[in-house]
Number of protein chains: 2
Amino acid sequence: MNTPDTRERLLDAAQKLFVEHGIDATSLRNVTTDAEANLASVNYHFGSKDELIQAVFARHLEPLNKERIRLLDELEREAGDTPLYLETTLEAFLKPTFEMMQNQKSREFVCLLGRLFTESSELKMLIMHQFQEVQKRYFAALQRTLPHLGIIDLSWRVHFMIGAMAHTFAVPEKLSIPSSSEAYNLTEESIMQHLITFAAAGLRAPVPSQTNGDNQK
Amino acid sequence: MNTPDTRERLLDAAQKLFVEHGIDATSLRNVTTDAEANLASVNYHFGSKDELIQAVFARHLEPLNKERIRLLDELEREAGDTPLYLETTLEAFLKPTFEMMQNQKSREFVCLLGRLFTESSELKMLIMHQFQEVQKRYFAALQRTLPHLGIIDLSWRVHFMIGAMAHTFAVPEKLSIPSSSEAYNLTEESIMQHLITFAAAGLRAPVPSQTNGDNQK
DNA sequence: GTAAAATTCAAACGTTCGTTTGAAACAAAC
DNA sequence: GTTTGTTTCAAACGAACGTTTGAATTTTAC
């Protein structure tokens, strides 16, 4: 049990090093050394570095998105025709990710996922494609809950919320505010509640009366 | 005027390519080719690739932070002892950056800055150090405006706001919500107003009564 | 116009990268 | 025990990287 499959050890090492030093800055030699495997093992098990990267993401991403869809399905089935409560929708969206953060290895993955939004290249496209159904479903749910918001307003607010979420996942040092060395680290559950409170208030904010001629639906 | 200093052309090319392909993935050969300069020119003018990167940031970062401080100084001088209006504080913080986005070259820089938060390495540390005074000043201003918020609550909410802001700056394709091909691109001014509305509401959200025993000040 | 300084240039340096290879080691099947 | 298929290994490949060098070129100063 100390040494699982070479394939698994490679994925673990790659994920760890990707978080520590970034994907580009991590060489296959770093990965295989950390995994105590031969340099050629990556190309044997995955074919190439690119496919290793995709495998690192694929391992956790599909279950995560499936769970987000499942929770929304469940909520909408219970609710029938009535729109969901905003905080309930947000919690369904966020909970699977925050639960991943309980476990060290999945936590690394969440961190990697948070950073992905600001990555360049085709990798983002590929991951985003898998995320599109989740996005579409939750956006529709939010539209039903906040029908007074035009699609432009809602889109921007969702954009801001995604940013707050990604940043929370991506930046491990958490609270960047220094001051006294208090015990800042809250539980994941508590952090999620803070985020839900913040995002829900932002999403619910009254639309300011436009004083200029912007294209508002 | 078509060909400014080699030094300047190198900075422009590096900035452009950093945004397009990421810092690590951009080679000095890419930079010098794009700048129509010799490969050795980077090491001649800057010393090394690392110092080129720092120069790209230094060029715009210091004026930006200085302006943020200046605006806050001005507001606090006018207000005297009374705390600032929340939206006013946020606008002072955001306006210098959004104004940078009007110009194409500075806009690239803003994009680069937004992505920096999720970068690894010592570069972030170096940039963050320059940002610390701004952070301290604005955090104090927010504390005066929102005195009912404990430092932990406020810290997290600022964290979320920074995330929303960084994401807005970093992701150029802007609205990730597809649907109809409407004219989604608003003016920078309008986007800033959307962000201020969202962040102000999030910051002002009532603190939920804690049902569990979290460490709340 | 000439001397001095600053800049550009082509070429090469040593490293590190991702990938390939073919033999060795191991496992499973009969 | 031999055969077959899978996995590991050390070694090498060519390509691309950041950097250095020393001569050529341009700019500056007098």
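By convention in this document, chain letters (A, B, ...) are assigned in the order of the sequence lines, proteins followed by strands, and residues within each chain are numbered from 1. Any value given below was found using the heavy atoms of this structure, including those in side chains, with hydrogens, waters and symmetry copies removed.
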Report the distance from atom CD of A/E51 to atom P of C/dG18, rounded to the nearest whole Å. 14 Å
Considering only NZ, NE, NH1 and NH2 on the basic side and carboxylate oxygens on the acidic side, decide whether A/E133 and A/K136 come within less than 4.0 Å. no
Would the A/H159 and B/H167 ring centres measure less than 6.0 Å apart? yes
Whether B/H194 and A/W156 hold their rings parallel, tilted or perpendicular, with breakpoints at 30° and 60°: tilted
B/F169 ring center within less than 6.0 Å of B/F98 ring center: yes
Find the distance between CD1 (A/I196) and NZ (A/K95) and round it off to the nearest 0.5 Å. 8.0 Å
How would you label the contact of A/S27 with the nucleic acid (heavy atoms, under 4.0 Å): base, sugar-phosphate, or nothing? sugar-phosphate
Give the rounded distance in Å between these two atoms: CZ of A/F46 and P of D/dT8. 11 Å
Distance below 4.0 Å between B/S41 side-chain N/O and C/dT7 OP1 or OP2: no
Using Watson-Crick and G-U wobble pairs with both distances under 3.5 Å, what is the 5'-to-3' dot-bracket string of DNA chain D, with [ ] for crossing pairs and | for pairs outside the strand? |||.|||||||||||||||||||||||.||
Any cation-pi pair here, B/R68 with B/Y138, using under 6.0 Å and within 45°? no
Distance col, row A/T145:OG1 vs A/E87:CD, nearest 0.5 angstrom, shows 10.0 Å
When the distance from CD1 of B/I53 to P of D/dC17 is rounded to whole Å, what number comes out? 14 Å
Measure the distance from OH on B/Y44 to P on C/dA10 and round it to the nearest whole Å. 17 Å
Whole angstroms only, please: what is the CG-P distance between B/L10 and C/dT7? 12 Å
For the pair made of CG in B/D5 and C1' in C/dA6, what is the distance, rounded to whole Å? 12 Å
Whole-Å distance separating the CD1 atom of A/I23 from the C1' atom of C/dC17: 17 Å
Show your reasoning for whether salt bridge (Lys or Arg N to Asp or Glu O under 4.0 Å) applies to A/R137 and A/D73. CA-CA 9 Å; A/R137 287 288 311 277; A/D73 278 339; 2.9 Å; yes
Using nucleotides 19-25 of chain C, report all nitrogen or oxygen pairs with the protein that are shorter than 3.5 Å.
unit_1, atom_1, unit_2, atom_2, d
C/dT19, OP2, A/N43, OD1, 3.4
C/dT19, OP2, A/K49, N, 2.8

Nearest-nucleotide comparison on DNA chain D, the residue closer to the 5′ end among B/T26 and A/H45: A/H45
How close do B/A92 and B/L71 get, heavy atom to heavy atom, and via which atoms? O-CD1, 3.7 Å
From CD of B/E36 across to P of C/dT8 the rounded distance in Å is 13 Å
